[in-house]
Amino acid sequence: MNLTKPVKNMSRYLKRLKEDDEACREALKSGIFLLYHKLSPLLRETSSGIYTLASLKTSGFNTTPFKLFHYVNKRILHMHLYICMPISVDLEHILEKVGKDKHFVNESFLLGCTDKGEPQFSLEVGDIDRSALEQECRGMFVDLRKAFFMLPGPESPLAAKGQALLRWHQTNCFCSATGQPTIRNQSGSFRVCHSSGITYYPKMAPVVIVLVSDGSRCLLARQTMFPLGMYSALSGFCDMGESVEETLHREVAEEVGLEVKNIQYSGSQHWPFPQSSFMLACHATVNPDKTQVNIDKAELEDARWFTYEEITEALRKPPLDPRREPPVFWVPPSYAIANQLIQEWANQQQLSRKLHGLK
Ligand SMILES: NC(=O)C1=CN([C@@H]2O[C@H](COP(=O)(O)OP(=O)(O)OC[C@H]3O[C@@H](n4cnc5c(N)ncnc54)[C@H](OP(=O)(O)O)[C@@H]3O)[C@@H](O)[C@H]2O)C=CC1
Ligand SMILES: [Mg+2]
């Protein structure tokens, strides 16, 4: 099977790679690799100043310098131009240069497939000299939180998934029943303890996030650990056995002492910080006569109702610039599902204001 050709049924193809060690090992030969150094992904700046995830291949196409020949006074000047392409440097060659065996790529974990059917893998290279690698790869390893601000939208979830999978494997090397080592399958879709027979699958912790509205205002809160000035929607981990609705009622009651109704599902997101969470985002309302918040100070530093005007102004603000003072009030950036909830609420308000002839 030529793995670099577009694959008609990508889901089936990925399923096969997940389950069939041999097929996955074969896929590694034409795979695309995202490198992580102590869980920080490798980014590269393109010629247009945009950052992307640096993708490396084990064989085939790479950016050996592209030579331009200029004839000046009958003498040839060679200009070596590095063309910035998403798929660029030969990974095996790089590994060799930094003293790693080429079989090291077998330690990668399967992430998914590109639109062209190229399998994507994440590889932790934390035991290799960071600056030597950055030089060889012409990129830099960036903390994931920072990378989220730098990467174009669709690349952030991939970077997060790569990190989450690596972290899960790093922290699940031993069976919790026997203490014996667990062994991964080739794709990394599970680990098994041969002593107890227990199979461990990568896990996410379900979290409910909810934007509560009283009809004209929405409720946002901040924890002490949030960056200065940032307020977000209320959130909380699901307890064992709880439904989304039960978690939502409990968390809102616990954190701000309010009773919610009209729960509407909005969307979901994998969230890598600080561990892998599975965010389930909802809208909900409270009775406009019962909006008095009673903050649990052990959980939250503050919780306040915000008007439509305050929210639209916060949404208009450019992404946070780490070199400048943070604004007094700002909302999570667009890659966070909290932002989606706030945006949806603002759109809904705008619509109902139009219907009522308000600006
Ligand atoms: N993508 C987005 O838009 C947003 C994502 N989030 C994420 O949602 C998650 C949960 O939000 P948060 O409001 O803090 O949750 P909670 O309100 O449930 O409060 C966190 C509490 O839960 C404990 N805890 C940590 N991990 C787990 C777990 N896996 N299961 C059960 N309890 C746990 C913490 O303990 P301790 O820390 O003391 O160990 C802490 O006491 C966070 O990871 C946060 O990053 C939040 C808002 C926006
Ligand atoms: Mg919370």
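Both ligands and their constituent atoms are indexed starting at 1 by order of listing.
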- Message: Quick one: does any side-chain atom of Gln349 pair with a main-chain N or O of Gly215 as donor and acceptor, under 3.5 Å?
- Response: yes

Contact region, Val207 to ligand 1, non-hydrogen atoms below 4.0 Å, reads side chain

Here the atoms of ligand 1 under 4.0 Å from any heavy atom belonging to Phe273 are 43 (O), 45 (O)

Quick note on ligand 1: atoms under 4.0 Å from a heavy atom of Gln269 include exactly 1 (N)

Any heavy atom of Ser232 under 4.0 Å from ligand 1? The part involved is side chain

Q: Kindly confirm or rule out a cation-pi arrangement of Lys146 over Phe149, judged by NZ or CZ under 6.0 Å from the six-membered ring centre and within 45° of its axis?
A: no

- [ ] For side-chain contact (heavy atoms from CB on, under 4.5 Å), just list the numbers for Ile209 and Ile337, CA-CA rounded to whole Å, side-chain angles, deciding distance to a tenth of an Å, and then say yes or no.
- [x] CA-CA 9 Å; Ile209 176 162; Ile337 201 152; 3.9 Å; yes

Item to check | Ile337 N/O under 3.5 Å from ligand 1 N/O | outcome: yes

_Between Ser266 and Glu344, is there a side-chain donor-acceptor contact under 3.5 Å, judged purely by atom types and distance?_
yes

Looking at Phe273, is Arg145 sitting on its ring face, NZ or CZ under 6.0 Å from the six-membered ring centre and within 45 degrees of the normal?
-> yes

So for Asn339 against ligand 1, with non-hydrogen atoms under 4.0 Å, the contacting part is neither

Which of Val212, Leu300, Val286, Asn294 passes side-chain contact (heavy atoms from CB on, under 4.5 Å) with Val256? Answer is Leu300

Counting heavy atoms under 4.0 Å, the part of Ala205 that contacts ligand 1 is side chain

When Arg191, His169, His194 are each screened for side-chain contact (heavy atoms from CB on, under 4.5 Å) with Thr182, the one that passes is Arg191

For the Mg ion (ligand 2), angle spanned by Ser235 O and Glu255 OE2 (nearest 10°) is 90°

Here's one to test your reading of the geometry: is the NZ or CZ of Arg304 within 45 degrees of the ring axis of Tyr231 and under 6.0 Å from its centre?
yes

Taking a cutoff of less than 4.0 Å between a non-hydrogen atom of the residue and any ligand atom, is Glu255 in contact with ligand 1? yes

Gly236 heavy atoms within 4.0 Å reach ligand 1 at atoms 15 (O), 16 (P), 17 (O), 18 (O)

Any heavy atom of Gln223 under 4.0 Å from ligand 1? The part involved is side chain

